[in-house]
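Computed from a predicted model, the values in this text were never measured in an experiment.
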Amino acid sequence: MSQVNLNNPLEIQIVGMNALKEALGPIGTVRFLRQCNPGTSDYTSERQAEPDVDPDEAIARIHEFKQKKQQGML
């Protein structure tokens with residue numbers, strides 16, 4: 001293992017993330033990080049505050065986005 005400058009927070013973060021990815025793979029790394037940082041928001045109240053979305057409208061928006069992206073408008 002190479003020397004890590006423990007006084008450099010960015011270097012510690014990079015080396016740590018690489019170690020996690022090597023040991024757990026990308027999906028395991030994300031799951032681990034989610035467990036370490038559960039967040040501070042209130043999911044229930046935020047979810048209830050969101051307006052109901054019509055599935056057909058959501059699909060139409062996705063298609064519109066894809067078309068704009070293909071046309072280079074995004």
Side-chain angles (χ1 to χ4, degrees):
M1 184 171 169
S2 64
Q3 290 287 353
V4 177
N5 181 354
L6 297 177
N7 293 320
N8 184 337
L10 181 58
E11 188 173 341
I12 293 171
Q13 184 177 9
I14 291 169
V15 171
M17 289 298 289
N18 286 335
L20 283 172
K21 288 191 295 185
E22 186 177 320
L24 301 175
I27 294 173
T29 297
V30 171
R31 288 182 178 163
F32 174 78
L33 292 172
R34 283 187 177 167
Q35 288 177 0
C36 290
N37 186 10
T40 58
S41 62
D42 183 357
Y43 173 80
T44 303
S45 65
E46 288 177 4
R47 179 71 176 109
Q48 291 172 350
E50 292 178 9
D52 290 332
V53 177
D54 176 41
D56 293 328
E57 181 183 341
I59 292 170
R61 286 179 166 179
I62 291 169
H63 289 302
E64 180 182 332
F65 175 80
K66 286 182 177 180
Q67 286 177 342
K68 286 181 179 180
K69 188 172 181 181
Q70 287 174 347
Q71 295 170 356
M73 298 174 71
L74 295 177

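For Gln3 against Glu11, the heavy-atom pair with the smallest separation is O-OE2, 3.8 Å. A pairwise comparison of heavy atoms in Pro9 and Asn7 identifies CD-O, 3.4 Å as the closest pair.
With respect to Phe65, the side-chain contact (heavy atoms from CB on, under 4.5 Å) criterion is satisfied by exactly one of Arg61, His63, Lys69: Lys69.
Within the model, atoms CZ of Arg31 and CZ of Arg34 stand 8.5 Å from one another, a figure rounded to the nearest 0.5 Å. Once rounded to the nearest 0.5 Å, the distance linking CD of Gln13 with CG of Asn18 reads 10.5 Å.
Note: the hydrophobic cluster containing Val15 also contains Ile12 (ILVMFWY, side chain heavy atoms under 4.5 Å, direct or indirect links). Hydrophobic clustering (side-chain heavy atoms under 4.5 Å, transitive across Ile, Leu, Val, Met, Phe, Trp, Tyr) groups Leu33 together with Leu24. Residues Ile14 and Leu20 fall into different hydrophobic clusters, defined by Ile, Leu, Val, Met, Phe, Trp and Tyr side chains chained together at heavy-atom separations under 4.5 Å.
Shown here is Gln71, whose CD atom has more than 12 heavy atoms of other residues, nucleotides or ligands within 6.0 Å.
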